[in-house]
Amino acid sequence: MNTGAMRRAQLVTPFGVGAMSVLVDGTSVITAGLDHWYEPEGRDDPAMEEYQEHDWRLEARLRVNELRLPPDYRYQGHGDDQRNVKLTVPALRFPRWHFCMYCKRLERSTLTMREAVRCENKEHGNSKPRMSQVPFVTICAAGHLDDFPFDAWVHRTANPSCKGPLRLRSIGGDGLEGQQVVCDRCGKKRSLGRITEAHDKNKEQHTFFSDNLSSPDDPYLCSGARPWLAEDEGACGLPMRGALRGAGNIYFPKVESSIYLPWKEGSVSAEMHDLMRHPAVSATMRTLHNIFGVDLEAGILRSQLRENVPPELFGPIPDEELIAGYRDLVGSGDEGNESDEESDAEFLTGNDEWRYPEFQLIRETPIDDYLTATDPGLHTDLSSHLERVRSVDVLRETRALRGFTRVYDDVLKLSAGKALLRREPLPSGQDWLPAYVVKGEGIYLELDPAQLAAWESRREVQARAQRITDQYGKFTARRGGQGRALTPRFVLLHTLGHLLINELVFTCGYSSASLRERLYVSTNAEREMAGLLIYTAAGDSEGTMGGLVRMARPDNLRAVFVSAVSGARWCSTDPVCMEAGEQGQGPDSCNLAACHGCALLPETSCEEFNRFLDRGLVIGTFTDPTLGYFSTFS
């Protein structure tokens with residue numbers, strides 16, 4: 001069978017471990033676990049230095065020894081070096097149930113993809129038409145995924161005695177009500193209607209599928225299937241629900257990202273960064289860190305490197321740069337912010353402790369091979385609303401997959417997420433996660449603190465932001481989760497980022513899917529932030545085309561702001577968008593005045609899955625035009 005090609009970045013998100021995708025020949029597959037990602041067809045071991053990436057802040061946050069790029073496939077090597085040839089990421093065929101387009105017969109295959117599944121029904125004579133995979137699967141909130149149990153569903157029992165042939169027929173009607181499973185032997189029939197529904201009962205989550213497969217008194221619960229690891233974890237006891245294999249609730253990747261921060265600006269050259277990618281160098285440095293910590297003498301480091309690495313690789317590098325590279329790799333020694341109680345908890349992307357060091361450095365003018373920012377100046381028309389603007393000429397972002405959830409984009413413990421990615425856990429000193437690196441450019445802007453404080457103190461502003469908080473709290477309470485406080489400055493900066501990106505795509509040369517927002521928002525007195533970074537999420541080989549940086553120039557940025565703010569005052573779907581926002585709209589009804597006609601972005605560009613948006617807090621509403629922070633801007 002044909003194999004599929006995929007960009008390496010897509011193997012982190014959106015098609016990482018446990019996610020389903022469709023190959024060019026129409027086969028639906030699921031990305032297998034990390035256990036066999038770097039197994040070459042030949043005998044030579046892979047040269048892992050090609051795939052190792054380091055970001056000491058992110059590694060400490062995720063408690064791993066290193067990060068690795070997904071393997072890239074190459075047909076042949078260079079000369080005698082045949083390492084890393086024909087490396088592939090394994091994928092398994094899923095769902096396993098197939099049906100014949102002609103006779104509608106159902107048949108279950110294996111996870112392997114040795115050959116196409118053919119219909120053996122004698123009705124076709126000598127012809128054996130290729131069967132198609134069914135569009136239905138079952139999922140549970142613990143991250144498990146399984147084939148839809150057509151035999152159990154039609155016979156209304158978890159252990160049917162009848163083993164007759166099954167058929168999936170279309171009987172007309174809307175949606176799933178028009179799909180029916182039929183058993184040829186006993187003649188039983190059953191519609192697939194309502195299999196995706198869920199409800200609350202006695203403060204517990206119930207699904208129509210689990211409660212009605214046999215009877216409400218004998219629910220059909222999750223068996224703990226993990227087909228991407230080719231194993232069953234064991235019954236988890238949660239209800240299962242039916243889902244279409246392409247549905248949005250099948251897979252929510254948990255990706256943590258980090259903007260590279262140099263330990264000391266300009267102290268580590270590109271040559272030293274390349275040297276630290278050598279596995280012997282990084283291993284030696286980490287071993288020494290376990291013994292000496294951050295305070296390591298250059299002589300000891302150089303002598304240990306000499307025993308493991310050819311001296312000509314690091315001989316010309318001075319002691320000061322060796323130590324700087326060492327500290328840049330292992331960290332500065334003060335990265336342990338999280339308490340022991342929270343050590344395995346979900347690290348929220350917007351955690352103010354995590355982003356505050358980035359905020360402190362980016363708002364200045366750092367000069368480093370991996371992070372450079374300059375002050376382009378601020379237009380006088382913007383000075384009443386913005387305090388500073390930075391042109392981020394060079395930045396390096398690392399994104400790592402640490403797990404995923406299903407059914408809901410819910411909180412996920414670090415240890416639980418890692419357990420979903422591989423069958424056998426690795427020792428603590430050898431643990432790694434898949435990641436990829438984006439090198440690009442950006443624009444950073446920061447709101448004026450005095451103007452922001454006056455605006456946030458208004459009662460009507462606080463009340464409007466509280467409506468989003470209350471709506472999200474109701475949604476999370478229904479599924480046993482915890483809400484979050486959404487401050488006016490958060491909604492303002494989040495919506496402003498969307499409006500600016502939608503305007504920048506017409507001027508900077510990037511598509512909206514290639515731009516991304518990063519919010520620096522906190523009302524904590526010790527870490528107060530009100531900043532927004534718009535940067536390239538996907539660039540060329542150098543990571544930048546320069547178009548976004550040019551937009552940070554005073555005249556250019558003013559023109560972008562004028563167009564974005566004036567365009568936000570009237571959405572193409574108004575007055576419906578503004579009026580519907582009074583009751584909530586969008587994902588989980590957590591948006592007010594925001595829709596596809598004005599403020600939504602591709603979900604890969606948004607940090608919050610297009611939630612918590614409101615034009616009203618940016619430019620005002622029809623009933624109160626002065627409500628917005630930029631109401632007076634023109």
Side-chain angles (χ1 to χ4, degrees), residues 1-25 27-55 58-59 62 64-94 111-115 226-231 253 255 273-283 398-404 418 420-427 430-439 538 541:
M1 294 179 64
N2 292 331
T3 57
M6 188 176 293
R7 295 175 58 189
R8 299 169 77 182
Q10 292 179 312
L11 290 168
V12 174
T13 179
F15 302 124
V17 174
M20 285 189 289
S21 57
V22 180
L23 304 182
V24 292
D25 65 352
T27 303
S28 173
V29 298
I30 188 167
T31 306
L34 302 177
D35 306 79
H36 306 289
W37 268 36
Y38 299 93
E39 293 185 353
E41 292 184 8
R43 297 180 179 178
D44 294 335
D45 292 331
M48 293 309 302
E49 61 267 22
E50 284 196 41
Y51 306 110
Q52 291 174 331
E53 289 291 344
H54 294 288
D55 184 310
L58 190 57
E59 289 168 351
L62 301 179
V64 294
N65 191 55
E66 66 182 38
L67 304 170
R68 294 184 185 177
L69 299 174
D72 59 330
Y73 183 84
R74 61 195 70 166
Y75 182 73
Q76 60 186 8
H78 301 282
D80 295 333
D81 187 3
Q82 297 297 314
R83 295 176 301 173
N84 299 340
V85 172
K86 298 184 179 180
L87 286 180
T88 60
V89 173
L92 302 169
R93 180 167 50 195
F94 190 84
L111 289 169
T112 57
M113 296 188 294
R114 298 294 182 184
E115 57 185 16
R226 303 195 296 181
W228 65 97
L229 301 178
E231 70 167 10
V255 177
H273 279 296
D274 291 339
L275 176 62
M276 290 187 294
R277 292 172 60 90
H278 194 290
V281 173
S282 60
T398 305
R399 303 175 193 163
L401 176 68
R402 64 170 186 83
F404 57 86
K418 290 181 179 179
L420 290 170
L421 299 180
R422 61 174 72 249
R423 180 183 291 186
E424 298 293 337
L426 292 175
Q430 302 175 18
D431 200 6
W432 61 272
L433 289 173
Y436 72 100
V437 175
V438 173
K439 298 177 182 178
S541 60

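Along the sequence shown, residues carry numbers from 1.
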Non-hydrogen atoms of [X] and [Y] that approach each other most closely:
{"X": "Val17", "Y": "Gly33", "result": "CG1-CA, 3.8 Å"}
{"X": "Asp35", "Y": "Arg423", "result": "OD1-N, 2.9 Å"}
{"X": "Glu115", "Y": "Arg93", "result": "O-NH1, 2.9 Å"}
{"X": "Leu111", "Y": "Pro227", "result": "CD1-O, 3.8 Å"}
{"X": "Ala19", "Y": "Pro14", "result": "CB-O, 3.6 Å"}

Can you confirm whether or not the ring centre of Trp432 sits under 6.0 Å from the ring centre of Tyr51?
no
Would Tyr436 and Arg8 count as a side chain to side chain contact (heavy atoms under 4.5 Å, CB included) if you check the C-alpha gap in whole Å, the side-chain angles of each, and the deciding distance to 0.1 Å?
CA-CA 8 Å; Tyr436 72 100; Arg8 299 169 77 182; over 6 Å; no
Asp431: which residues meet the side chain to side chain donor-acceptor pair (under 3.5 Å) condition with it, sequence neighbours left out?
Lys418
Only counting residues at least two apart or in another chain, list the ones meeting side chain to side chain donor-acceptor pair (under 3.5 Å) with Glu231.
Arg226
Find the distance between [atom1] ([X]) and [atom2] ([Y]) and round it off to the nearest 0.5 Å.
{"X": "Leu62", "Y": "Leu67", "atom1": "CG", "atom2": "CG", "result": "7.0 Å"}
{"X": "Leu69", "Y": "Leu11", "atom1": "CG", "atom2": "CG", "result": "11.0 Å"}
{"X": "His36", "Y": "Leu229", "atom1": "NE2", "atom2": "CG", "result": "9.0 Å"}

Are the side chain of [X] and the backbone N or O of [Y] linked by a donor-acceptor pair below 3.5 Å?
{"X": "Asp55", "Y": "Thr398", "answer": "no"}
{"X": "Arg399", "Y": "Val438", "answer": "no"}
{"X": "Trp37", "Y": "Leu87", "answer": "no"}
{"X": "Gln430", "Y": "Pro427", "answer": "no"}
{"X": "Arg68", "Y": "Gln52", "answer": "no"}

Side chain to side chain contact (heavy atoms under 4.5 Å, CB included) between Trp228 and Leu92: does it pass, once the steps are laid out?
CA-CA 7 Å; Trp228 65 97; Leu92 302 169; 5.6 Å; no
Is there a side chain to side chain contact (heavy atoms under 4.5 Å, CB included) between Leu421 and Phe404 once you walk through the steps?
CA-CA 9 Å; Leu421 299 180; Phe404 57 86; 4.2 Å; yes
With heavy-atom distances below 4.5 Å as the criterion, would you say the side chains of Pro71 and Thr88 are in contact?
no
